[in-house]
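Okay, so here's the structure we're looking at.
These numbers were taken from a predicted model, which means no experiment stands behind them. One is the number of the first residue; the rest follow in order along the sequence.
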Amino acid sequence: MYMSTDEVRRAFLSFFESKGHQIVDSSSLVPANDPTLLFTNAGMNQFKDCFLGAEKRNYTRATTAQRCVRAGGKHNDLENVGFTARHHTFFEMLGNFSFGDYFKHDAIGYAWEFLTEVLQLPKDKLLVTVYETDDEAFEIWNKDIGIPSDRIVRIGDKEGGKAYESDNFWQMGDTGPCGPCTEIFYDHGEHIWGGRPGTPEEDGDRFIEIWNNVFMQFNRHADGTMEPLPKPSVDTGMGIERISAIMQGVHSNYEIDVFQTLIKEAASIIGTEDLDNQSLRVVADHIRSCSFLIVDGVMPSNEGRGYVLRRIIRRAVRHGNKLGANGTFFYKLVNKLAEVMGTAGEELKKQQPVVEKVLRIEEENFARTLDRGMAILNEAIDELGDNKTLDGETVFKLYDTYGFPADLTNDVARERDVNIDEEGFEKAMNAQRQRAREAGQFGTDYNKAIKTEADTDFCGYSHVSGESVIAEIFVEAEQVGSISAGTEAILILGETPFYAESGGQCGDAGVIKTDSGLFEVRDTQKLGNAIAHHGQLIEGVMAKDDKVLAHVDAERRTAITLNHSATHLLHAALRQVLGEHVTQKGSLVRAENLRFDFSHLEAVSDKELREVERLVNQQVRRNHQVATNVMDIESAKQKGAMALFGEKYDDEVRVLSMGDFSTELCGGIHAANTGDIGLFKVTSESGIAAGIRRIEAVTGEAALDALEAQQAQYEQKVSEGVAKTKQLEKEIQQLKDKLASQAGASLISQVKEISGVKVLISQLDGADNKALRGMVDELKNQIGSGIILLGNVADDKVGLIAGVTKDLTSKVKAGELVNLVAQQVGGKGGGRPDMAQAGGTDCAALPTALVDAEAWITEKL
């Protein structure tokens, strides 16, 4: 029976839904609150806290089609992708899970029913493995399911290894939940080489594992003790690509509908007809991981997850280039990918423009990287001299630092008759792999974590104080009966008005009082279904079961709620101004300010920021009621409520609406009306990663403080500017006076004598009119006794000045002289007998006027 990949996915989820399982959406490829994982690499990742007992949900059975990536850290399949039948960087894991509900019997029964009745696989094509000592699982398969014992393979511990080190014994880490597993294999037929699991030929491709059922049965302690879990659980996984290959009658995963569609599309875009080329497989696989990593907020960079994404993109582009691709091609596959992924491609369709743009930009950047890498490689080869071997460290540096593919280094070296130090390169690569493995280890002891079965009722939506009872007290992860003054502790109450940090909103602070003690709450966090109040007992004593009065710091809470409501308005405004591709990538809401991270490929311009501010403040002035409705998740989505992709939501969710401007799913605490926000002011906008921007802002009193501080800053800058301008004007005038003085000195050579009197008449061009007086004074000092007349042309105007030493004013008066000239140049003027100034507008008439002035002086003398 042929089934498409999408049909297999829907059939699996539907089957387990019929068995009482909650269908849970795939979580993000970036694990939430789990520093031990680079990427989500198994279906159970999002349920890890459920298995650890740190989180409880309103269902005990779940089923998913989880997106996974294995291309870095402990699980790294990158180098094999495209060259084997079943290695991928991206894959989907179908899974069903039980959190203390059903166990081995039902898990095995469900798996067998789905494979043989829903998918109608031939029973004689299936065989199973169990852990060597798991007689219970063996008996279920043999007696209840009816599988002959010769098709049930017991797999023991690895030769020479420690106890429980087996392919059929699963462990979350060195400590914590663990247990045996049973795997289901499909026999592809005698025509394909390979042996049954547990034989020397097990690595062949004949018998392929399609489903693994893990039975979390024990809690392993650091000393190796295996303690039975009080509520055994089930974690299963089946790769959708492998089962789809079987349902479509093909052997290789790359022959299923999804890959064949992508391979043909890639061949068409690149311009090749060789559909069996392994490079096309690489491209088809990598477009899936790259696209969905970007959807989940990962952007190309030089470290962490972004570095892995960059490597995958560059590997795909390199293989496209090997096929003859010209220019950018990789991003053009996104559209076809969104189509062929069916029900699993909805989020990709929403973010398709962003994904395409990121891939195109990275591809263009890589073209430049190749140029740089070639230059470095050629220089390194040139410096070898007679030594014809390129050291492994250089090859690794090109690969690791510059993203220059090792196979390309080999190609260039071969062309230039140079050998590669393969051993040195592998040594450097192995060191990197070891670092990656160490970074991927679980670093905490499960048995040292705080574990509580308590449930805390939250009453803080409508109250900031309330009566309650101390349910549990923890000091350094150990439960205690009482505490005394000075003790740092965690209090868990039966009911509390304190909001625990969640969704970016910080935890409440305040005090918890009893008749005999006062506890200062500094932070509030979630601890499974309990709410943990972190702080210190300031005075007195407190004990379990004490009645308490819990008081939230109301002023701090109010400031937090205003900022939280503002983030919703900001999110909606950003989507209006920048585009629908904007999605929240993180937030921090506290009393002092708010921080909002979002997807956007470019810096937000000043104009765009002003528009965002204007929109938010417009909604504040409209004073919308902040309405909250509790409804099922599907109704919320139909209402248009925005959900944060990758977040976990219960069946019933809180839908927060602010008019028709913003509707989002949110469990946080908010203002009653948008008008309570008062004022919204952006304080900064910056980039924090490739394609991720950050806005910081303030509201209410803090916004007014920010405006006042900004106003004071502007006033200070204006005052400083005015003072600076005055100082500069003073300095300029001093320079002009100095220049005028120097110019005056050069005019001495033009002095002539008329009737025994020294006379200087000269025309200047571009001199400062304000400096003319100083110039004349300097000239009078130099000639001792005489008559001076200067005409200056500047800015299409005439400036005139005359100076007469006092011993000559009885014969020639400066005022009369300057007025004579002024009348001829379209102006008038006058002054004292010894100094006079005037102006005019007829610059062309100045030379003649000065000649006439000399004749007038001659006549007077």
Side-chain angles (χ1 to χ4, degrees), residues 28-35 37-40 69 72 290-313 347 351 353-362 365 403 439 501-506 560 563-564 566-613 616 642 644-647 664 668 680-699 702 706:
S28 169
L29 287 170
V30 178
N33 302 318
D34 192 346
L37 286 177
L38 190 67
F39 298 115
T40 296
V69 163
C290 293
S291 296
F292 282 103
L293 282 171
I294 295 169
V295 163
D296 286 347
V298 181
M299 293 292 164
S301 68
N302 289 325
E303 59 185 14
R305 297 182 177 102
Y307 173 64
V308 176
L309 171 59
R310 175 164 283 169
R311 282 187 63 203
I312 300 173
I313 294 172
E347 190 65 25
Q351 297 195 47
V354 176
V355 175
E356 289 177 341
K357 187 171 184 179
V358 172
L359 291 177
R360 179 177 54 78
I361 291 173
E362 185 64 17
N365 290 340
E501 180 178 331
S502 180
Q505 180 175 332
C506 67
I560 293 170
N563 284 331
H564 198 166
T567 62
H568 285 236
L569 295 177
L570 173 60
H571 192 185
L574 285 168
R575 288 172 64 86
Q576 279 197 28
V577 175
L578 303 181
E580 293 293 311
H581 65 277
V582 169
T583 54
Q584 181 176 335
K585 296 301 180 183
S587 68
L588 174 63
V589 180
R590 52 184 184 170
E592 297 82 3
N593 66 346
L594 66 92
R595 190 177 76 200
F596 189 79
D597 300 339
F598 58 98
S599 56
H600 190 55
L601 294 173
E602 303 163 318
V604 183
S605 69
D606 290 340
K607 180 181 179 181
E608 289 168 333
L609 274 180
R610 287 195 299 272
E611 179 62 14
V612 167
E613 269 191 348
V616 173
M642 282 192 63
L644 299 184
F645 191 66
E647 286 288 311
E664 291 190 31
F680 172 84
K681 178 64 181 172
V682 172
T683 56
S684 70
E685 190 277 340
S686 61
I688 59 170
I692 305 293
R693 308 298 300 178
R694 170 173 291 172
I695 282 179
E696 295 192 41
V698 286
T699 62

Listed partners of A702 passing side-chain contact (heavy atoms from CB on, under 4.5 Å), at least two apart: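 Scan of A702 (side-chain contact (heavy atoms from CB on, under 4.5 Å), adjacent residues dropped) gives V698.
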For A572, all residues meeting side-chain contact (heavy atoms from CB on, under 4.5 Å), sequence neighbours excluded: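 A572: side-chain contact (heavy atoms from CB on, under 4.5 Å) contacts with F661, S662.
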For [X], check salt bridge (Lys or Arg N to Asp or Glu O under 4.0 Å) against everything at least two apart and list the hits.
X	value
R360	E364
E611	R614
R595	none
E696	none

For the student: nearest non-hydrogen atoms of [X] and [Y], plus distance:
X	Y	answer
G503	S587	O-OG, 3.7 Å
Q351	V295	NE2-O, 3.3 Å
F680	A566	CD1-CB, 4.0 Å
T683	A697	OG1-N, 3.7 Å
I560	A591	CG1-N, 3.4 Å
G297	I692	O-CD1, 4.0 Å

Separation of [Y] [atom2] from [X] [atom1] (nearest 0.5 Å):
X	Y	atom1	atom2	value
L29	L293	CG	CG	5.5 Å
R693	H600	CZ	NE2	8.0 Å
L569	H564	CG	NE2	11.0 Å
F39	L309	CZ	CG	7.0 Å
I312	E362	CD1	CD	11.5 Å

Residues which pass side-chain hydrogen bond (donor to acceptor under 3.5 Å, both in side chains) with [X], listed by chain and number, not counting sequence neighbours:
X	answer
S291	none
E613	none
E608	S605
E602	none

Stepwise side-chain contact (heavy atoms from CB on, under 4.5 Å) check, L570 with L594: CA-CA 10 Å; L570 173 60; L594 66 92; 4.1 Å; yes
Stepwise side-chain contact (heavy atoms from CB on, under 4.5 Å) check, M299 with I294: CA-CA 6 Å; M299 293 292 164; I294 295 169; 3.9 Å; yes
Quick one: does [X]'s side chain have a donor or acceptor within less than 3.5 Å of a partner on [Y]'s backbone?
X	Y	answer
D597	K585	no
R575	V582	yes
S599	H581	yes

I695 vs L609, side-chain contact (heavy atoms from CB on, under 4.5 Å): CA-CA, chis, key distance, verdict: CA-CA 10 Å; I695 282 179; L609 274 180; 3.8 Å; yes
ring-ring contact (aromatic ring centres under 6.0 Å, His included) partners of F292, counting only residues at least two apart: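 ring-ring contact (aromatic ring centres under 6.0 Å, His included) list for F292, sorted by chain: F90.
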ring-ring contact (aromatic ring centres under 6.0 Å, His included) against F596, all qualifying residues, sequence neighbours excluded: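 By the ring-ring contact (aromatic ring centres under 6.0 Å, His included) rule, F596 matches H571.
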